[in-house]
Amino acid sequence: MVRGIRPFVAGRPIERVVRCRSRYKPISIRPRFDVLAKRLAGRTIEEVSRLGKRVVLTVSGGSAVVIEPRMTGLMLLSDPPDSDHLRLEWRLGGKGKYPSLWFWDRRGLGTVRLFAPGEIERDLKTSTVGPDALEMTVEAWRSCCGATSRAIKVALLDQRAVAGIGNLYASEILHLSKIDPTRRADRLKPAELSRLNDAVHRVLEEAIRDEGSTLSDETYRTALNQNGKYQNKHRVYGRAGEVCLTCSKATIRRIVQAQRSTFFCPECQR
DNA sequence: ATTAATGTTCAGAA
DNA sequence: TTTCTGAACATTAA
């Protein structure tokens, strides 16, 4: 999302923020919409970045809008899948191909928050967002996994343990790592942590290059409403009952951990 | 009618 | 103190 919007919005002024009218319950916006809109009007978007799974727009003066897309939220520059689920619009000035940046969200579970200068460091980074998955090292995995008896799959989804890994990617990462998702995190051997570290970087970096995964429900789309391409490379996610592409022996199983689906190959992952 | 879906957070219990 | 479960949030599609 960040890579998709950054080239088109960084450096441009926010002329106005508009709440889109819809028949659905409004999404969570803090502070109140009109306060947020007034504080952002006239500011320039100086930086477009990411904090775990959150999108961060830092504006002139140092305040930052943090968008948390959750299950079905999208940051879009054009061509929304439908207009019913548009939630918020940033009307942009300056030169640029696209006049608006949109937050579109079908389920409406996403949130938008405005942070005062320095507040992200004091609040988000200390309490809810852990070290970034793409910055992790074997040593960092040791301290994050060694301290918990939870299943490794559950630990990977804990955003304060490691930030940035979602449900689909947790299954893919553990399959590439050849680790059973039900294994206790604190019982993983050094060789396994090393494979985990490699797999996290390989899976996430390739998924980013491929612009994410568009599943059959077409929930995730790029900033220009295109399909991602990484779904073509899924080896376990959504493939329960199919033969494992890696060992060609066992069939992929689906189990539930922490109320989320986990897919894995009982042959490859022990 | 029921269930599950790339997520987070809270309350209450083990 | 940590971990687990269930629920809540809201909508759609199989």
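Scanning for salt bridge (charged side-chain N to carboxylate O under 4.0 Å, His left out) contacts around A:Arg260 gives an empty result, with sequence neighbours left out. With sequence neighbours excluded, the residues forming a ring pair (Phe, Tyr, Trp, His ring centres under 6.0 Å) with A:Trp104 are A:His85, listed by chain and number. In this structure A:Tyr169 satisfies the ring pair (Phe, Tyr, Trp, His ring centres under 6.0 Å) test together with A:Tyr230, sequence neighbours excluded. Remark: A:Arg150 engages A:Asp158 in a salt bridge (charged side-chain N to carboxylate O under 4.0 Å, His left out) (not counting sequence neighbours). Checked against salt bridge (charged side-chain N to carboxylate O under 4.0 Å, His left out), A:Arg160 has no partners two or more places apart in sequence or in another chain. Judged as a salt bridge (charged side-chain N to carboxylate O under 4.0 Å, His left out), and not counting sequence neighbours, A:Arg6 has no contacts.
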Filtered N/O pairs between nucleotides 12-14 of chain C and protein, under 3.5 Å:
unit_1 : atom_1 : unit_2  : atom_2 : d
C:dT12 : OP1    : A:Tyr24 : OH     : 2.6
C:dT12 : OP1    : A:His85 : NE2    : 3.2

Enumerate the protein-to-nucleotides 8-14 of chain B contacts in which both atoms are nitrogen or oxygen and the separation is below 3.5 Å.
unit_1 : atom_1 : unit_2  : atom_2 : d
B:dT8  : OP2    : A:Lys53 : NZ     : 3.2

Side chain to side chain donor-acceptor pair (under 3.5 Å) between A:Ser22 and A:Asp84: does it pass, once the steps are laid out?
CA-CA 6 Å; A:Ser22 102; A:Asp84 290 354; over 6 Å; no
Audit row: A:Glu89, A:Ser100, side chain to side chain donor-acceptor pair (under 3.5 Å) steps and yes/no:
CA-CA 6 Å; A:Glu89 175 186 12; A:Ser100 297; 2.5 Å; yes
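Between B:dA5 and A:Thr72, no contact under 4.0 Å exists linking OP1 or OP2 to a side-chain N or O.
Among residues at least two apart or in separate chains, side-chain hydrogen bond (donor to acceptor under 3.5 Å, both in side chains) pairs with a member in residues 261-270 of chain A are A:Lys153-A:Thr262, A:Lys249-A:Glu267, A:Arg254-A:Ser261, A:Gln257-A:Thr262.
As rounded to the nearest Å, B:dT3 and C:dG6 have P atoms that lie 14 Å from one another. Comparing the P positions of B:dT8 and C:dT1 gives a spacing of 25 Å, expressed to the nearest Å.
Straight-line distance from the CG atom of A:Asp105 to the P atom of B:dG7: 13 Å, rounded to whole Å. Here C:dC9 presents its P atom at 11 Å from CG of A:Leu109, a figure rounded to the nearest Å. The CZ-C1' distance, from A:Arg254 to B:dA5, rounds to 10 Å in whole Å. The distance from atom CZ of A:Arg184 to atom C1' of C:dT2 is 11 Å, rounded to the nearest whole Å. Going from atom CZ of A:Phe103 over to atom P of B:dG7 covers 14 Å, rounded to whole Å. Between A:Tyr220 atom OH and B:dG7 atom C1' the separation is 16 Å, expressed in whole Å. Atom CG in A:Asp82 sits about 12 Å away from atom P in C:dT11, given to the nearest Å. Regarding A:Arg107, its CZ atom lies at a distance of 16 Å from the P atom of B:dT3, rounded to whole Å.
Across all strands shown, A:Ser22 has no heavy atoms under 4.0 Å from either base or sugar-phosphate atoms. As judged by a 4.0 angstrom heavy-atom cut-off over every strand, A:Arg221 is placed among residues making no nucleic acid contact.
Sorted by residue number, the members of residues 141-151 of chain A with any non-hydrogen atom under 4.0 Å from DNA chain C read A:Thr148, A:Ser149, A:Arg150.
At a threshold of 4.0 Å, the pair A:Arg91-A:Glu15 does not count as salt-bridged, since none of the basic side-chain nitrogens sits closer than that to a carboxylate oxygen.
Two residues are said to be in side-chain contact when any heavy atoms from C-beta on lie closer than 4.5 Å; A:Asp123 and A:Arg113 meet this criterion.
Grouped by direct or indirect side-chain proximity (heavy atoms under 4.5 Å, Ile/Leu/Val/Met/Phe/Trp/Tyr only), A:Val154 sits alone.
For DNA chain C, the stems formed by at least three consecutive Watson-Crick or G-U pairs, with both atom-pair distances below 3.5 Å, span B:2-5 with C:11-14, B:7-14 with C:2-9.
In A:Arg183, the CZ atom is crowded: over 12 heavy atoms of neighbouring residues, nucleotides or ligands sit closer than 6.0 Å.
Between the A:Arg19 side chain and the A:Asp34 main chain, no donor and acceptor come within less than 3.5 Å of each other.
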